[in-house]
Structures are given as structure tokens and as C-alpha cells.
Amino acid sequence: MAARIVKTGYALAFLCIIAGIVYFFAANWPEMGREVKVGISIGVMAAFYIASAALWGRHRFLGRWMLIGGVLSFGIALALLGQIYNSHADSYWLFLAWLAPTLLFSVRLSD
């Protein structure tokens, strides 16, 4: 029972971190330049993937949550790049670009 409460606390903290990142982008969107927007989105994505790799061996539960955060931030980064640079890419191509690594990481999560 206690382990379930701890895991729920970690999951809620993770969701609060994601909400904070989304709020940061929403609150500061007009003031940030293109380079800053892209740099922060790629930095957040890299931070989640690095944290996942670091936590995977000893704390598998947290490593999985960080991997999910990395996959979500990758999708958000793709959407931001499409919106920032007005690439006129069809949304299904962006979805397919996001789907490929997501499927590969889902195989890792199922282990």
C-alpha cells in the first residue's frame, strides 16, 4: 500500500512538472524568439530522455515516466517547429514522425 502511495506521488509530481512547462510556454510565448522556443523545447526533450536513461536501471518506475515525458515533449517539439516555422507540413506527416520513435520506445516500456 505504501509503495502505491509513493508511486502515485511521483506520478502527480511528474504531471505538475509537465503542466509547469506548458504554462511557461503559454505565458512567455510572445516574448520569446524562434531560437529560444526551439532551444527550450529541444532541451526539455533531451532532459527527459537523459533522465530516463539515468533512472532506468535502478528506478525503473521513474525511468518509464521520464520516457513518457520524453515522448510527449518530442511530439510537442514537432508541433512547435511546425507552428513556429509555418512549414505547411500536413499534420498526419508530423504525427507519423512522432509515431515512429513512440512505437520504438513502447517496445522498451513493455519489457
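These numbers come from the heavy atoms of this one structure, side chains and all, not from hydrogens, waters or symmetry mates. Residue numbers run from 1 in the order of the sequence given.
- The minimum heavy-atom distance linking I40 with F24 is given by the pair CD1-CE2, 3.7 Å.
- Of all heavy-atom pairs between K37 and M32, the closest is CE-O, 3.3 Å.
- Annotation: the span from L103 atom CG to L96 atom CG amounts to 10.0 Å, rounded to 0.5 Å.
- Minimum interatomic distance between S73 and G70 (heavy atoms only, all atoms of both residues): OG-O, 3.0 Å.
- Between F48 atom CZ and I21 atom CD1 the span is 4.0 Å, to the nearest 0.5 Å.
- With hydrogens and angles disregarded, a donor-acceptor distance shorter than 3.5 Å links the side chain of T8 to the backbone of R4.
- Considering CG of L67 and CG of L62, their distance stands at 12.5 Å, rounded to 0.5 Å.
- Residues I18 and Y23 are members of separate hydrophobic clusters, defined by side-chain heavy-atom contacts under 4.5 angstrom among Ile, Leu, Val, Met, Phe, Trp and Tyr.
- I5 CD1 to Y10 OH: the interatomic distance, rounded to the nearest 0.5 Å, is 13.5 Å.
- The distance from the CD1 atom of I76 to the CH2 atom of W98 is 8.5 Å, given to the nearest 0.5 Å.
- Annotation for F61: atom CZ counts as buried by contact number, over 12 foreign heavy atoms lying within 6.0 Å.
- L12 and M66 fall into different hydrophobic clusters, where Ile, Leu, Val, Met, Phe, Trp and Tyr residues are linked whenever their side-chain heavy atoms come under 4.5 Å apart, directly or through other members.
- Rounded to the nearest 0.5 angstrom, I50 CD1 and M45 CE are separated by 10.0 Å.
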